[in-house]
Number of protein chains: 4
Amino acid sequence: MSGTLNKVMLIGHLGDEVKMHYFEGGGSIGRFPLATNETYTNRTTGERVTNTEWHNIVVRNKAAEICEKYLSKGDRIYVEGRIKTRQWQDDSGNTRYSTEIQATDFTFLTTKKEGQPADGIPAKPAQGSAQPQQPQTSDPVVSTPEDDDLPF
Amino acid sequence: MSGTLNKVMLIGHLGDEVKMHYFEGGGSIGRFPLATNETYTNRTTGERVTNTEWHNIVVRNKAAEICEKYLSKGDRIYVEGRIKTRQWQDDSGNTRYSTEIQATDFTFLTTKKEGQPADGIPAKPAQGSAQPQQPQTSDPVVSTPEDDDLPF
Amino acid sequence: MSGTLNKVMLIGHLGDEVKMHYFEGGGSIGRFPLATNETYTNRTTGERVTNTEWHNIVVRNKAAEICEKYLSKGDRIYVEGRIKTRQWQDDSGNTRYSTEIQATDFTFLTTKKEGQPADGIPAKPAQGSAQPQQPQTSDPVVSTPEDDDLPF
Amino acid sequence: MSGTLNKVMLIGHLGDEVKMHYFEGGGSIGRFPLATNETYTNRTTGERVTNTEWHNIVVRNKAAEICEKYLSKGDRIYVEGRIKTRQWQDDSGNTRYSTEIQATDFTFLTTKKEGQPADGIPAKPAQGSAQPQQPQTSDPVVSTPEDDDLPF
DNA sequence: TTTT
DNA sequence: TTTT
């Protein structure tokens, strides 16, 4: 069942700090809002209008901790991931939907001042492999291994 | 205001027919649900589980009419677009959110039997340009020109 | 060192069979040409012209073996990867360049007839992880783990 | 003729200034090298190695002029486009290949100091459409209209 | 030839 | 060398 693709690529600015949530089993999840902009030119008035789109970014485990450590409100980041719409029942019994971007890769685009890794963070955290005698290639982007996903 | 990117790329199957809506000014909009799949292997039980993600695709004007004409429920399509979350107030006065994919490009991936264009639809419909003496390059994908967007 | 992105996404048809090469250490590499098309409308003559672009796809290890097993000349596939230009000296001492697409993910788009996996191939081969009590999420696309890259 | 996709997405730094070339018919072309990085950890020695990949970016017409005006060596940019491999015969009669990225969209990622548009450049230059009474939506990224392509 |  |  497949032959499908669900991919999102965003470049935007953090609208707030990364909010972490830690689980008993040792896992963690980080969330932050990301803003992208779109510009209109109203054909009637000729004025330019900017619309902001907010995306709910979700990162997990080591990647989440890296984000929390190095990202701040206002920073620019490239995020790659997939769209996930969760649904739940509200108090009135209505089905409600919430769409998130589950991040799988990201790259920091804000150049930080001091001894901060900005871009140069330890890529592919926790990929945890050990094949001797061969170089391990890692992306310039930080990838979140599928292996340590949590069950939600 | 910008330096941002809001891009979605999906390959999936139509969950229903394209539903058209025509406007007085001559514009039109088409909507259809698109399914992408994700596969889990439950680590405890070892069984494989498939989750389906549904995306609300929105196409406009000529592109919408092409989709309505050539796409059917079950067909596979590549869709490129941007994420747009609209909000409105429900009857109880709560703010509700609905996330759509506003398609900017697409390619039909289902091979149709008869004299149907399947892939070979007239690309870049209504791009409406006329620069003489030079070949017009057009993408293999159908692009929806920004110019004929409607105000919503 | 980074903050960069090198990503290629292709949908095309195989121009030939997957050619495998096996290494002593147990690794393997598969290569095949992939065709994408672009359509021109010549503005002077009004005739439509199709240009074909050929991409050199390179897949490694388990992913290569899956490709060899299930892909044939003419099949359609989605390939995600990165651009890599290798250079070498030709017989005349000139520097020559060859650009390849090193595949990191792919999805088969040709629906196969019989009991062939077509889409439903065992995703994420060899990701080889073992974290108990949690479901392993895997993409609908087949990912080639970075860990088993070979040194070239 | 199609159902194919040829898409490249890069974030990198300019290795040199934008080199312009103007044609008699009024068209223009801009070229610049773009660097992306990839990081290895050599499994034997444990040392981290950075490999740089150079991409030949080609931009046309108004987009080229915007690039020349606002981009400098070292600047970071997001480039979207397609892969195009050109071939020609060298002096020895050998067929030689050169792979370029024909840019279709881009976004400046370097924040400029002074009154420079950096990100806020006039998007969608020369899209040249005139549909009254409706807002024109334009991407945050600069798009190069297909219409003014030149015949090479 | 870029960047960190 | 693919596909429509």
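Numbered from 1 within each chain, the chains take letters A, B, ... in sequence-line order. Please read all numbers here as calculations on a predicted model, not as lab measurements.
- In this entry the distance linking CZ of Arg76(B) with P of dT3(F) reads 17 Å, nearest Å.
- A salt bridge links Arg96(D) with Asp90(D): the distance from a Lys NZ or Arg NE/NH1/NH2 to an Asp or Glu carboxylate oxygen falls below 4.0 Å.
- The residue Gly74(C) sits close only to the backbone: its heavy atoms come under 4.0 Å of sugar-phosphate atoms, none of a base.
- Comparing dT2(E), dT1(E), dT1(F) by their closest approach to the side chain of Pro33(D) singles out dT1(E).
- If you check distances only, the side chain of Thr52(D) does reach the base of dT2(E) with a donor-acceptor pair under 3.5 Å.
- Rounded to an integer number of Å, the gap from CG of Leu109(B) to C1' of dT3(F) is 12 Å.
- What separates NE2 of His55(C) from C1' of dT1(F) is a distance of 13 Å, to the nearest Å.
- Atom CG in Asn37(C) sits roughly 7 Å away from atom C1' in dT2(F) (whole-Å rounding).
- In this structure, the side chain to side chain donor-acceptor pair (under 3.5 Å) partners of Gln89(D), at least two apart in sequence or on a different chain, are Thr95(D).
- Minimum heavy-atom separation, Thr52(C) to Ala35(C): CG2-CB, 3.8 Å.
- Atom pair Asp75(D):CG and dT1(E):P shows a separation of 18 Å (rounding to whole Å applied).
- For the pair Phe32(C) CZ and dT1(F) P, the interatomic distance rounds to 19 Å; values are reported in whole Å.
- Atoms CD (Glu53(D)) and C1' (dT2(E)) sit 13 Å apart, rounded to a whole Å.
- In terms of the side chain to side chain donor-acceptor pair (under 3.5 Å) criterion, Glu68(D) has no residue partners (sequence neighbours excluded).
- Checking dT2(E), dT1(F), dT2(F) against every side-chain atom of Trp54(D), the shortest atom distance belongs to dT2(E).
- Residue Lys73(C) places its side chain closer to dT1(F) than to any other of dT1(F), dT3(F), dT2(E).
- For Lys19(D) and dT2(E), the NZ to C1' distance is 13 Å, given to the nearest whole Å.
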